[in-house]
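Contents: one structure, followed by commentary.
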Amino acid sequence: MTYIVGLTGGIGSGKSTIANLFVELGVPIVDADIVAREVVEKGSPLLAQIAEHFGKSILTEVGELNRAELRKKVFADENEKNWLNHLLHPAIHERMLAQLNVQTAPYTLFVVPLLIENKLTTLCDRILVVDVKPETQLARASSRDHNNLQQIQAIMNAQVSREERLKWADDIISNDAKLPENLPHLKQKVLELHQFYLNESRKKNV
Ligand code: ATP
């Protein structure tokens with residue numbers, strides 16, 4: 001069984017950026033955001049159920065999920081949101097487990113924005129938190145997504161606090177320093193953790 005390193009952090013903290021540095025070292029990734037898209041991909045049974053429930057307007061012309069439309073439908077309606085979550089969450093969970101189970105590498109990086117909120121910490125052997133100041137999150141997430149600061153702040157408020165997240169951390173990567181200037185330092189930190197995880201995974205598998 002692959003050793004599982006859960007990678008988490010708040011919106012805009014730099015999870016994807018750091019996950020990519022692990023990928024460069026050959027580490028396999030299971031990414032909750034990717035799995036969440038896979039379960040509703042074109043032609044999937046879940047997408048058919050969503051279309052049946054909300055009507056065909058939830059599909060694009062080419063038969064893919066129209067995410068903006070779905071967001072509108074569930075945004076102000078708690079019942080619809082619950083219906084959707086009950087449909088998607090077990091499927092996402094099952095698919096993440098399946099992807100983790102087939103890994104043969106010594107360890108796998110399990111990238112989950114809501115690792116703590118959704119109680120997926122129990123699946124992890126080790127938890128790595130990407131930590132930045134709230135100001136950094138606001139600035140980076142808003143410039144990336146062209147969202148306004150209030151929208152980013154609302155998402156931050158719905159996630160666990162920085163303090164709470166850090167309580168769960170076995171390892172921490174601070175990502176406030178700016179790229180690309182800080183890239184050599186970040187790569188070095190990732191390399192050190194990589195070597196540590198390889199060692200830990202060996203201990204688990206003897
Ligand atoms: P989310 O959970 O919101 O998807 P994330 O935690 O995966 O975000 P990234 O997408 O990696 O975060 O980073 C957010 C934005 O900040 C991206 O545009 C990324 O290029 C940029 N970024 C990440 N780290 C740094 C850094 N150290 N310096 C400058 N920009 C950075």
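Everything numeric in this text was worked out from a predicted model, so none of it was measured. When a ligand or atom number is given, it counts from 1 through the structure's own listing order.
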Does [X] reach ligand 1, in the sense of a heavy atom lying below 4.0 Å from it?
X: G10; result: yes
X: G12; result: yes
X: I11; result: yes

Ligand-residue contact atoms, ligand 1 with T17, heavy atoms, under 4.0 Å: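 By the 4.0 Å cutoff, the relevant atoms are 9 (P), 11 (O), 13 (O), 19 (C), 23 (C).
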Atom indices of ligand 1, in the order listed, that fall short of 4.0 Å to a heavy atom of K178: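 Once the distances to K178 are compared, the set is 28 (N).
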Distance-only donor-acceptor check, side chains Q153 and N157, under 3.5 Å: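 Present: a donor and an acceptor within the cut-off.
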Under 3.5 Å side-chain donor-acceptor pair for Q103 and Q99: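 No, because no side-chain N or O of Q103 sits under 3.5 Å from a partner of the opposite role on Q99.
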Report the nearest protein non-hydrogen atom to [atom]: residue, atom name, distance rounded to 0.1 Å.
atom: atom 12 (O) of ligand 1; result: G14 N, 3.0 Å
atom: atom 7 (O) of ligand 1; result: S16 OG, 2.8 Å
atom: atom 21 (C) of ligand 1; result: R140 CD, 4.1 Å
atom: atom 28 (N) of ligand 1; result: L179 N, 2.9 Å
atom: atom 2 (O) of ligand 1; result: K15 NZ, 2.6 Å

Flag if over 12 foreign heavy atoms under 6.0 Å of [atom1], [X]:
X: E94; atom1: CD; result: no
X: K133; atom1: NZ; result: no
X: H53; atom1: NE2; result: yes
X: E52; atom1: CD; result: no

Pairing of K203 and E200 as salt bridge, 4.0 angstrom limit: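 The answer is yes: the pair qualifies as a salt bridge.
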Part of [X] with heavy atoms under 4.0 Å of ligand 1, whether side chain, backbone, both or neither:
X: P113; value: neither
X: R144; value: side chain
X: A177; value: backbone

T104 OG1 to M1 CE distance, which is reported to the nearest 0.5 Å: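 The distance works out to 12.0 Å.
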Per atom 24 (N) of ligand 1, closest listed option by heavy atom (I155, N175, V112):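 The residue whose heavy atom sits nearest atom 24 (N) of ligand 1 is N175.
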Check: D33 N/O within less than 3.5 Å of ligand 1 N/O: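 No: no nitrogen or oxygen of D33 is under 3.5 Å from one in ligand 1.
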For F54, ring pair (Phe, Tyr, Trp, His ring centres under 6.0 Å) partners two or more places apart: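 F54 satisfies ring pair (Phe, Tyr, Trp, His ring centres under 6.0 Å) with W83 once adjacent residues are dropped.
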Pair E24-N20, side chain to side chain donor-acceptor pair (under 3.5 Å): steps then yes or no: CA-CA 6 Å; E24 284 176 18; N20 284 335; over 6 Å; no
